[in-house]
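Inspection log for the structure reproduced underneath, given as structure tokens.
Given the structure is predicted, the values throughout are model-derived calculations rather than measurements. All chains are named by letter (A, B, ...) in the order of the sequence lines, taking the proteins before the strands, and each is independently numbered beginning at 1.
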Number of protein chains: 2
Amino acid sequence: MLKEERQHSIINEVELHNRVLLTDLAEKLNVSIDTVRRDVKELDEENLLVKVHGGAVSLGFANHSPQSNNVYALDKKIAIAKKALALLRNNSVILIDGGTTCLELAKLLPTNLKLTCFTLSLPVAMELLRKPNVETIFIGGTLSKDSQIAMGPSAIHALSEIKVDYSFIGTGYVDTEFGLTEFDWDVVQTKKAVINASKKAVLLCISEKLNSQHRFKTCSLNVINTMVTELEPWDTKLDAFKNLNIQIL
Amino acid sequence: MLKEERQHSIINEVELHNRVLLTDLAEKLNVSIDTVRRDVKELDEENLLVKVHGGAVSLGFANHSPQSNNVYALDKKIAIAKKALALLRNNSVILIDGGTTCLELAKLLPTNLKLTCFTLSLPVAMELLRKPNVETIFIGGTLSKDSQIAMGPSAIHALSEIKVDYSFIGTGYVDTEFGLTEFDWDVVQTKKAVINASKKAVLLCISEKLNSQHRFKTCSLNVINTMVTELEPWDTKLDAFKNLNIQIL
DNA sequence: AATATATTTGCAGTAGTTTGCAAGTTTTGA
DNA sequence: TCAAAACTTGCAAACTACTGCAAATATATT
């Protein structure tokens, strides 16, 4: 096997799984660990990956800095996603909804966490495929052009046949009185089906959305088991939600 | 054997397999390794391949940066996709399979063409969402990490409930005797379901794949209605396929 | 056709790379 | 803090590359 081939495989492996161990590479490529070490060192010097102790990580993974994709309040959404991670256990069966906050959750799933993960969202699915220990199942349906989410009867029907441990959902608007509301009727129908398909529903929601409403209602707040915001639990903005028997993270 | 001839063989070999060893070339071409070395050096200087220690790699392969997703024989695949477009009419209901050739078809769909389009492939779905007049329906299922395609029982079941006008499919290997074959068993099961879900099946296939086989059979060539390659219809490589009642584009 | 000129090819010796191993040092995580 | 794992360095064996040269082949000229 040529050196170039080997290095190409290493790049592929790193890009696919975000990280890789030198020992695994050596075994897979049938060369000594020294050779792999030298290869990774060269690739690091060419800025094709980042070498770390014991292995290598992809460039995208190494850059913890918020990249080119400018998401509104990305730092808050990342904070929310990190908190939500605490709910996950090995071998959980979960569902991740669409939206930028849920996408951050998908991105931040640890590579060593074993999960079965359903989703309706194309971008979330793309991220989940990068996680070596996550089995990803896409709920099929008609795709919405702007939200990139599967919707419609077939998606709702597919959801009726599953029951996941946790679903992580976003919402357009949330309010103590009206609950979760949306601008779009189809989105509401799909989110209802998602909530029905889950033992526990976890709402991921930045504080800007608290106390806002729109025209179509997804559900009342009492069907939500856990709400995750970027705020500290004792923040006064959350007071109104604490009386509703919701776990607040 | 003329020098030109030999160098042409070397280029072919490198492009087809992405890499080649000087020792193998010397043996195959019945010349000394020095001669091959000089040939490869010249070809490298002409930027027709990249010489590396012990062999040579193709241009696309050499630049193993993950960002520039270099597709093998992209120009041929684009040519195939353009030909396949001729089959489409407004309001057709079609299915586009995964694979790089099918992805090119999705990219090249005219923005004014009205279609209902099913797919199992995440990258194809991403492209279809960019087309304003295409209604995209994703066939859900367990997503494969390397092919980024929905597979498994639920995908096969979802396929059993539809019948599209045309399905555009790729294949790993194709041969007049053995038909369409694949490396992967699950892929074969899914492709079978795709073909059953379509009134007409269109095979998109670069000429390099003609007359090659692998271990699992998708279907015989007689269930394929149309075959699209980058070759001219009168190319002799297609002669063997013309006796099989297949439309050739 | 015969000769001169240029190119190509294979060989041999030398120079340079790559690889795996071993000994010693550093980092990591409990 | 300690033990395990990972890293560094130097080295020898195997492999690959380059150089110059002579024989073989091709091309051009008379």
Side-chain angles (χ1 to χ4, degrees), chain A residues 1-59 61-62 64 82 85-86 88-90 108-114 132-133, chain B residues 1-15 17-59 61-65:
Chain A
M1 182 182 243
L2 291 171
K3 194 174 88 169
E4 313 301 316
E5 269 183 275
R6 220 176 38 227
Q7 297 193 351
H8 201 263
S9 296
I10 293 173
I11 292 284
N12 268 350
E13 196 69 9
V14 169
E15 284 299 316
L16 187 61
H17 299 314
N18 275 331
R19 53 122 213 174
V20 71
L21 301 179
L22 297 189
T23 48
D24 289 351
L25 282 175
E27 190 181 345
K28 189 165 181 176
L29 300 169
N30 279 313
V31 288
S32 77
I33 192 154
D34 301 70
T35 302
V36 168
R37 205 188 303 285
R38 273 182 280 240
D39 282 339
V40 167
K41 190 177 174 185
E42 282 182 29
L43 293 169
D44 178 75
E45 282 161 4
E46 292 173 52
N47 284 313
L48 293 169
L49 48 68
V50 178
K51 186 176 174 345
V52 297
H53 193 95
V57 296
S58 70
L59 292 174
F61 202 72
H64 299 286
K82 281 183 180 165
L85 286 177
L88 297 175
R89 301 284 175 273
N90 258 326
L108 290 173
L109 288 177
T111 45
N112 58 358
L113 185 64
K114 262 185 99 169
N133 292 306
Chain B
M1 181 181 251
L2 293 171
K3 195 174 101 172
E4 297 300 318
E5 226 182 318
R6 216 176 41 226
Q7 296 195 350
H8 202 260
S9 295
I10 293 173
I11 292 285
N12 268 351
E13 196 70 8
V14 169
E15 283 302 315
H17 294 117
N18 276 332
R19 56 147 210 134
V20 71
L21 302 179
L22 296 189
T23 48
D24 288 352
L25 282 176
E27 189 182 346
K28 191 165 181 178
L29 301 169
N30 280 313
V31 288
S32 77
I33 193 154
D34 300 70
T35 303
V36 168
R37 204 189 303 286
R38 272 183 281 242
D39 282 339
V40 167
K41 191 176 176 183
E42 283 181 29
L43 293 169
D44 177 75
E45 282 161 4
E46 293 172 51
N47 284 313
L48 294 169
L49 48 69
V50 178
K51 184 175 173 351
V52 298
H53 194 94
V57 297
S58 70
L59 292 173
F61 196 87
N63 170 23
H64 38 212
S65 69

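Rounded to whole Å, atom P of C:dT18 lies 17 Å from atom CG of A:L29. Between B:R37 atom CZ and D:dC15 atom P the separation is 14 Å, expressed in whole Å. Rounded to whole angstrom, the span from the CD atom of B:E45 across to the C1' atom of D:dC18 amounts to 13 Å. Separating the CG atom of B:D39 from the C1' atom of C:dT7 is a distance of 13 Å, rounded to the nearest angstrom. Atom-to-atom, CG of A:L22 to P of D:dA4 comes out at 21 Å; the value is rounded to the nearest Å. As a whole-Å value, the separation of A:L2 CG from D:dC15 C1' is 13 Å. Protein atom CD of B:E5 is 12 Å distant from nucleotide atom P of C:dT9, rounded to whole Å. Between the CZ atom of B:R6 and the C1' atom of D:dA26 there is a distance of 14 Å, rounded to whole Å.
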Protein-nucleic acid N or O pairs under 3.5 Å, nucleotides 21-27 of chain C:
unit_1 : atom_1 : unit_2 : atom_2 : d
C:dC21 : N4     : A:D34  : OD2    : 3.1

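Among A:V20, A:V14, A:L49, A:V50, the single residue meeting the side chain to side chain contact (heavy atoms under 4.5 Å, CB included) criterion with A:V57 is A:V50.
Note that CG of A:N90 and CG of A:N133 are 8.0 Å apart. Values are rounded to the nearest 0.5 Å.
Put simply, the side chain of B:N18 never gets that close to the backbone of B:F61: no donor and acceptor are under 3.5 Å apart. Between the side chain of B:D39 and the main chain of B:Q7, no donor-acceptor pair closer than 3.5 Å is present.
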Secondary structure of DNA chain C in dot-bracket form (Watson-Crick or G-U wobble, distances below 3.5 Å, | marking inter-strand pairs):
||||||||||||||||||||||||||||||
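In this structure, A:K51 reaches the sugar-phosphate backbone alone: every heavy-atom distance under 4.0 Å involves primed, P, OP1 or OP2 atoms, never a base. Residue A:V52 is in sugar-phosphate contact alone, with no base atom involved, counting any heavy-atom pair closer than 4.0 Å across all strands shown. In this structure, B:I33 reaches neither bases nor backbone, as no heavy-atom distance under 4.0 Å exists between it and the strands shown.
Side-chain proximity of A:K3 to the nucleotides C:dT9, C:dT19, D:dT16 is greatest for C:dT19.
B:R37 meets the side-chain hydrogen bond (donor to acceptor under 3.5 Å, both in side chains) test with no other residue; sequence neighbours excluded.
The 12-atom threshold is not exceeded at NZ of A:K82, counting heavy atoms of other residues, nucleotides or ligands nearer than 6.0 Å.
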